[in-house]
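To start, the structure itself, in C-alpha cells.
All of these numbers come straight from a predicted model, not from anything done at the bench.
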Amino acid sequence: MSLFSLIAALLLEHFRPLGGSNPVSLLFTRYANYLERHFNAGQNVHGVVAWLLAVLLPVVVVGGIYGGLYTLNPLLAWAFSAVVLYPLLSLKQLGGQAERVAAALRVADLGEARRLLSQWHGRPADELGAVEIARVGIEQTLTCAHKNLLGIIAWFVVLGPAGAVLYRLSQLLSQKWGGLDQRDFGEFGKFSAQAFDLMDWVPLRLSAISFAVVGDFEDAVYCWRSQASAWVQQGIGIVLASGAGALGVKLGEPLSYGGNIEFRPELGLGDDADADYLDSAVSLVWRTVVLWLALLLLLTLAGWVGG
C-alpha cells in the first residue's frame with residue numbers, strides 16, 4: 001500500500017503544490033516557537049523535553065490514527081497515508097524553482113536569477129555571477145531533493161506515515177534549533193541536531209547511491225569517496241559530491257557574500273555549472289524518484305507473490 005499512497009501524494013503535490021503557503025509547516029513552526037519560548041532555559045535536558053513534545057507527540061498521533069484506520073479498512077489507511085505525505089513532499093516546487101532560475105540564466109537576466117536564487121536559497125546573491133548562480137542552484141536542488149523528498153520517502157517506507165512525519169519534523173527542528181548559537185542559547189538545540197544526524201545517516205547514503213545509479217556511477221562514487229569529507233556539513237557533502245559526480249559538473253568553490261569570501265572545497269568533476277546543468281540536476285532527481293518507485297513496485301509485487 002505504501003507505493004500507492006506515495007504515488008497518490010506525488011500526483012497531488014504535482015497538480016496542487018502548496019508552496020510557501022504550506023499550512024502544516026506554518027502550524028508546526030508556530031508550535032515550535034511556543035515550545036522554544038517556554039522550554040529554552042539553555043540546558044540540553046530542556047531541549048530533549050521540547051523535542052519529544054514537538055516531534056514524538058505528532059508522530060504518536062499519526063501512528064495511532066493510521067493503526068486505527070488500518071484495523072477498520074486498509075483502504076482508509078492508504079488514503080490517510082497519502083493525505084499525510086501530501087504536505088510533506090515538494091518535488092513539483094523544487095523543480096519549478098530550479099527551472100525558473102535556469103530560464104533567467106538562459107536569457108542572461110542575472111538580476112532576476114539572483115532574486116530567484118536568493119528567495120529560494122535564503123541568502124543574498126547580489127555578488128554571484130552566472131556560473132556561481134547555477135552552481136548554488138544545483139547544490140540547492142540536490143539538498144532539497146534529499147531533505148524534502150528522498151529522506152521522507154525512505155522513512156515512510158520503513159515506518160509508514162508516522163515515519164515520514166518523524167523525519168520531516170526532526171529535520172525542521174534541526175534547522176530551527178540545531179543552529180542556535182550556544183553562547184546565547186546554551187545547549188537547548190544540541191539534541192535536535194544530534195537526533196536528526198542519527199536519523200539521516202542511512203537516507204543520506206541512499207540518496208547518494210541513487211544519484212550514482214541514475215547518473216555517472218564511476219565519477220559519482222569517486223567524488224563521494226574523495227571529496228565529501230571536506231565539506232563543512234559532511235552528511236550533505238555526501239549527497240552533493242555524489243550528485244556532482246553523477247552530473248559531471250563542478251560544484252563548491254569559494255563564493256562572495258556581503259563582501260566576504262566563503263571558502264568551500266571543490267566538489268565534482270567536469271565542466272562549470274550553467275543553466276543546462278541546473279536542468280540536468282532536476283532530471284537527476286526525477287530519475288531517482290522513478291528508480292525508487294520501481295524498487296517499491298518490485299517489493300510490493302514480491303510481497304503479493306510471497307503472501
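- Nearest heavy-atom pair across Val282 and Gly95 is CG1-CA, 4.1 Å.
- Side-chain atoms of Leu52 and Leu57, non-hydrogen and from C-beta on, never get closer than 4.5 Å to each other.
- Open room surrounds NZ on Lys92; 12 or fewer heavy atoms of other groups in view lie less than 6.0 Å from it.
- A donor-acceptor distance shorter than 3.5 angstrom exists from the side chain of Gln171 to the backbone of Lys147, with no hydrogens or angles considered.
- For Ser256 (side chain) and Glu127 (main-chain N/O), no donor-acceptor pair under 3.5 Å exists by modelled atom type.
- Partners of Gln119 according to the side-chain contact (heavy atoms from CB on, under 4.5 Å) rule, which considers only residues two or more places apart in sequence or in another chain, are Arg115, Leu116.
- The salt bridge (Lys or Arg N to Asp or Glu O under 4.0 Å) check on Arg135 picks up Glu253, with sequence neighbours excluded.
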Report, one line per pair, each donor and acceptor closer than 3.5 Å where one atom sits in a side chain of residues 228-235; sequence neighbours left out.
from: Gln234; atom 1: NE2; to: Ser229; atom 2: O; distance (Å): 3.4

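- Judged as a ring-ring contact (aromatic ring centres under 6.0 Å, His included), the pairs with a partner in residues 30-54 (not counting sequence neighbours) are, in order, Tyr34-His38, Trp51-Phe191.
- In this structure, the side chain of Ser207 engages the main chain of Pro203 through a donor-acceptor pair within 3.5 Å.
- Two residues are said to be in side-chain contact when any heavy atoms from C-beta on lie closer than 4.5 Å; Ile138 and Leu240 fail this criterion.
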Give every donor-acceptor pair under 3.5 Å between a side-chain atom in residues 99-107 and any protein atom, sequence neighbours left out.
from: Arg106; atom 1: NH1; to: Asp279; atom 2: OD2; distance (Å): 2.9
from: Arg106; atom 1: NH2; to: Asp276; atom 2: OD1; distance (Å): 2.8
from: Arg106; atom 1: NH2; to: Asp279; atom 2: OD2; distance (Å): 2.5

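- Leu198 forms part of no hydrophobic cluster, judged by ILVMFWY side-chain heavy-atom separations under 4.5 Å.
- Closest approach of Gly137 and Trp120 over heavy atoms only: O-CH2, 3.6 Å.
- Considering only heavy atoms from C-beta on, Leu149 comes within 4.5 Å of Ile153 through its side chain.
- In this structure, the side chain of Tyr222 does not engage the main chain of Leu269 through any donor-acceptor pair within 3.5 Å.
- Trp224 places none of its side-chain heavy atoms less than 4.5 Å from the side chain of Leu267.
- Centroid-to-centroid, the aromatic rings of Trp177 and Phe188 come within less than 6.0 Å.
- Put simply, the side chain of Val62 reaches to within 4.5 Å of the side chain of Phe80, judged on heavy atoms.
- Using a 4.5 Å heavy-atom cutoff, the side chains of Leu91 and His14 are not in contact.
- By the salt bridge (Lys or Arg N to Asp or Glu O under 4.0 Å) test, Glu13 is found to be paired with no residue, residues two or more places apart in sequence or in another chain being considered.
- Under the rule for a salt bridge (Lys or Arg N to Asp or Glu O under 4.0 Å), the partners of Arg123 that lie at least two apart in sequence or sit in another chain are Glu262.
- Looking only at side-chain heavy atoms (C-beta outward), Leu284 and Leu142 come within less than 4.5 Å of each other.
- Scored by the side-chain contact (heavy atoms from CB on, under 4.5 Å) test, Phe263 finds Pro254, Ile261 as partners (sequence neighbours excluded).
- Atom CD of Gln175 has more than 12 heavy atoms from other residues, nucleotides or ligands within 6.0 Å.
- No donor-acceptor distance shorter than 3.5 angstrom exists from the side chain of Ser242 to the backbone of Val239, with no hydrogens or angles considered.
- Remark: Ser174 engages Ala193, Phe196 in a side-chain contact (heavy atoms from CB on, under 4.5 Å) (not counting sequence neighbours).
- Applying the side chain to side chain donor-acceptor pair (under 3.5 Å) rule to Tyr167 yields the partners His146, Asp200; only residues at least two apart in sequence or on another chain are considered.
- For the pair Lys176 and Asn33, the minimum side-chain heavy-atom distance is below 4.5 Å.
- Residues that satisfy the side-chain contact (heavy atoms from CB on, under 4.5 Å) test with Thr288, not counting sequence neighbours, are Leu150, Ser210, Phe211, Val214, Trp292.
- Of the possible polar contacts, one joining the Ser81 side chain to the Ala77 backbone as a donor-acceptor pair under 3.5 Å is found.
- Scanning all heavy atoms of the two residues, the minimum distance from Leu85 to Ala9 falls at CB-CB, 3.5 Å.
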request  = Could you give me the CA-CA distance, side-chain angles and deciding distance for Ile133 and Leu117, then say whether side-chain contact (heavy atoms from CB on, under 4.5 Å) is met?
outcome  = CA-CA 7 Å; Ile133 291 171; Leu117 181 64; 3.9 Å; yes

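- The pair Arg264-Glu139 counts as a salt bridge, with a side-chain nitrogen and a carboxylate oxygen less than 4.0 angstrom apart.
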